[in-house]
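Here's the structure we're looking at; comments come further down.
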Amino acid sequence: MSLSALELQIQTLPDSPGVYQYYDKEGKILYVGKAKNLKKRVASYFNKVHDNAKTNVLVKKIVSIKHIVVPTETDALLLENNLIKKLQPRYNVLLRDDKTYPWICIKNERFPRIFSTRKMIKDGSEYFGPYTSFKTVHTILDLIKELYPLRTCNYDLSKANIDSGKFKVCLEYHIGNCKGPCEGFETITNYEKQVQAIREILKGNFKESLKDFKKLMGELAMEMKFEEAQKIKEKIEVLENYQSRSTILNPKISNIDVFSIVSDESMAYVNFLQISHGAIVRSHTMELKKKLEETDEELLELAVVELRERFHLNSKEIILPFELDFGEKIKVTVPKLGDKKQILDLSERNAKFYRMDQLKQIKIVDPDRHTNRIMAQMQKDLRLSVEPRHIECFDNSNIQGTNPVSACVVFKDGKPSKKDYRHFNIKTVEGPNDFASMEEVVYRRYKRLLDENQPLPQLIIIDGGKGQLSSALKSLDDLGLRGKVAIIGIAKRLEELFYPGDSVPLYLDKKSETLKIIQQLRNEAHRFGITFHRDKRSKAAIQTSIETIPGIGEKTMIALIKHFKSVKRLSKATEKEISDVVGLSKAKKIVEFYSESNPKT
């Protein structure tokens, strides 16, 4: 199809809510999206150049468009979610989940059995879940078994079968795990009462069961049946212990779902907490793989629809970090303080911890992917045209105006490359002048790299504000490197980054990985520069001191500097220690000199 035919398709799209699908020349699905206004949304893809390269590539591949009109935006959101899962288009967020989650089933039968299953059979049975781990399911089933003796056999316990004496009690009855409904030893009324109590526990409501057990314990104690009362007390303790392990919140907050999102340049992590009767009854974190730099709002909208469908959530209120519209039937709350804000913060913490765990695993299993992710994030955060695989950072050290030196540290793939670190003695600048010193060392560093045909860095970081950055830029101009290598300056407050020609600094998030690497670079440059400065200063001090000793020449002086490191240590050394380095006659001169200079009182 030609572009004009595409334009014709766009022109004839309705101004209604709906879902659009893009196809390539081979008829393969490229992308599924939803829109409040189909014509406006689809046209926006074709009437501008997009910031994201992937979006531009997608637009070039589009040959035909299909659309489905729906009554409301909410319907469009639901349809989009189902089509993404079904068609799995190349440019859509990856929502696929191969897991089948376990459920707890209350079987639709007389004297219902309660068990775990991964299959839902539509026979009128009740299903609770799905649960995100079998461990949780086993814990709940063990709790139920301990509290309520239910049958485990699969007999057809119809009234006719029981009355005819078709079945006999099994071992479960004799060891107290079942009350023998198969032989009519337990009434259907009593059994159903227990099943109802279990329903409430599965919904997260422990209050009714605790009340019933406490009432029964009191009655048994009144009747002097202390052994049976003790057994009921143990059941209460089991139930209270299980309840205390659930995160208890405000009991007034019930039947609410909480969703939060944490994202980076390639992935998003959405956590949801299900709140029932003031307790968290379920938590799950879902990963979403970005394809077209989707916003957190777009991703969370998709995730909420998917998670509510997947986990059969039917709460009328949901808590979110920002406003989204899911139609009139769902109330969206964006809390700013109080109990609901604490729950939202807890959900976000869960998402962050999950992301950290995933990143740690990737770092161990696939270090290249970890490096690629950080490099891509730095490129985006620092607004660079290429990934900063090779970074160099400069720092000046001229404490008290003496022995001015400069340090250049090198990071490759986000890690220190210590063999490439370089020190510079300031040669052309008299006295403490940070700007002139920076101009000199930047010029010397990159003149040498150019002369030796060495690779240049993708990013230069200058430790200092606008002044030092301007000085470094002069050197890059002189070398013809302006515009070929990105350069930024860091002010004293680490979050402020200055760019050439821009008076307004860029502020980085204090928790960002980009800032952490820049912080590490500056700390390394500072440490490396200060160490060199101290060494130089102490050697100068030793040299000055030793030069005043009569009869001590340059070679002796160098030998003493190498061995004793400082004047203080030399002045306190014994004649024997000094003679081991320079011989007895010179050792005597040195000891005499220091004993006269520092007479004992």
Side-chain angles (χ1 to χ4, degrees), residues 375 378-379 381-398 403-492 494 496-506 514 517-518 520-530 532-533 536:
M375 289 295 105
M378 286 192 78
Q379 182 185 346
D381 289 347
L382 299 174
R383 306 180 306 195
L384 305 174
S385 57
V386 291
E387 290 182 357
R389 293 280 174 171
H390 175 175
I391 307 172
E392 298 193 352
C393 180
F394 291 86
D395 177 52
N396 288 336
S397 297
N398 58 7
N403 309 103
V405 297
S406 191
C408 170
V409 300
V410 179
F411 272 38
K412 290 183 176 174
D413 289 332
K415 297 181 188 75
S417 178
K418 295 197 175 183
K419 65 182 175 61
D420 296 311
Y421 285 15
R422 294 292 181 269
H423 285 131
F424 293 89
N425 288 309
I426 305 301
K427 294 177 179 177
T428 61
V429 182
E430 288 296 324
N433 185 332
D434 268 356
F435 300 153
S437 299
M438 188 63 76
E439 191 177 338
E440 180 192 319
V441 296
V442 170
Y443 184 86
R444 282 168 56 192
R445 170 67 176 164
Y446 297 113
K447 177 80 169 68
R448 180 160 191 166
L449 289 186
L450 288 168
D451 289 347
E452 294 177 359
N453 209 17
Q454 296 287 327
L456 294 166
Q458 285 90 34
L459 176 64
I460 299 167
I461 296 176
I462 304 299
D463 185 7
K466 295 177 192 174
Q468 277 97 330
L469 181 61
S470 299
S471 301
L473 272 166
K474 281 183 196 171
S475 297
L476 293 187
D477 281 336
D478 292 345
L479 294 165
L481 293 176
R482 180 78 170 261
K484 292 180 183 177
V485 181
I487 182 166
I488 57 174
I490 315 173
K492 291 298 175 194
L494 193 70
E496 283 188 347
L497 301 181
F498 286 94
Y499 286 73
D502 193 345
S503 59
V504 181
L506 171 73
T514 299
I517 288 175
I518 291 175
Q520 194 184 349
L521 266 157
R522 192 171 85 164
N523 291 346
E524 268 292 276
H526 196 61
R527 177 198 63 77
F528 192 57
I530 287 289
F532 181 50
H533 184 268
K536 195 177 174 192

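Side chains are part of it too, since the values below use all heavy atoms of this structure and drop only hydrogens, waters and symmetry mates. Since we're looking at a predicted model, the values are computed, not measured.
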List the atom pairs, with distances to 0.1 Å, where a side-chain N or O of residues 453-460 and a protein N or O form a donor-acceptor pair under 3.5 Å, not counting sequence neighbours.
| from | atom 1 | to | atom 2 | distance (Å) |
| --- | --- | --- | --- | --- |
| Gln458 | OE1 | Arg389 | N | 3.0 |
| Gln458 | OE1 | His390 | N | 2.7 |

Roughly how far, to the nearest 0.5 Å, is the [atom2] atom of [Y] from the [atom1] atom of [X]?
{"X": "Leu479", "Y": "Arg444", "atom1": "CG", "atom2": "CZ", "answer": "13.0 Å"}
{"X": "Gln520", "Y": "Ile517", "atom1": "CD", "atom2": "CD1", "answer": "7.0 Å"}
{"X": "Asp478", "Y": "Leu473", "atom1": "CG", "atom2": "CG", "answer": "11.0 Å"}
{"X": "Gln468", "Y": "Ile462", "atom1": "CD", "atom2": "CD1", "answer": "8.5 Å"}
{"X": "Phe424", "Y": "Met438", "atom1": "CZ", "atom2": "CE", "answer": "11.0 Å"}
{"X": "Asp463", "Y": "Phe394", "atom1": "CG", "atom2": "CZ", "answer": "12.0 Å"}

List the atom of [X], the atom of [Y], and the distance in Å for their closest heavy-atom pair.
{"X": "Ser471", "Y": "Glu439", "value": "O-CG, 3.5 Å"}
{"X": "Pro416", "Y": "Tyr421", "value": "CB-OH, 3.3 Å"}
{"X": "Ala525", "Y": "Ala407", "value": "O-CB, 3.7 Å"}
{"X": "Asp420", "Y": "Lys412", "value": "OD2-NZ, 3.1 Å"}
{"X": "Met375", "Y": "Glu387", "value": "CB-OE1, 3.5 Å"}

Kindly indicate whether the side chain of [X], heavy atoms from C-beta on, has any atom under 4.5 Å from the side chain of [Y].
{"X": "Ser475", "Y": "Arg445", "answer": "no"}
{"X": "Leu521", "Y": "Ile490", "answer": "no"}
{"X": "Phe528", "Y": "His423", "answer": "yes"}
{"X": "Phe411", "Y": "Glu524", "answer": "yes"}

Exercise. List for me each residue that meets side-chain contact (heavy atoms from CB on, under 4.5 Å) alongside Arg383, sequence neighbours excluded, and say none if there are none.
Key: Tyr499, Asp502, Leu506
Quiz item: Okay, side chain of Ser406, backbone of Asp395: is any donor-acceptor separation there less than 3.5 Å?
Solution: yes
Quiz item: Per the side chain to side chain contact (heavy atoms under 4.5 Å, CB included) rule, which among Leu449, Asp451, Leu450 passes with Lys447?
Solution: Asp451
Practice problem: Step by step, work out the side chain to side chain contact (heavy atoms under 4.5 Å, CB included) result for Ile518 and Leu382. | Solution: CA-CA 11 Å; Ile518 291 175; Leu382 299 174; 3.9 Å; yes
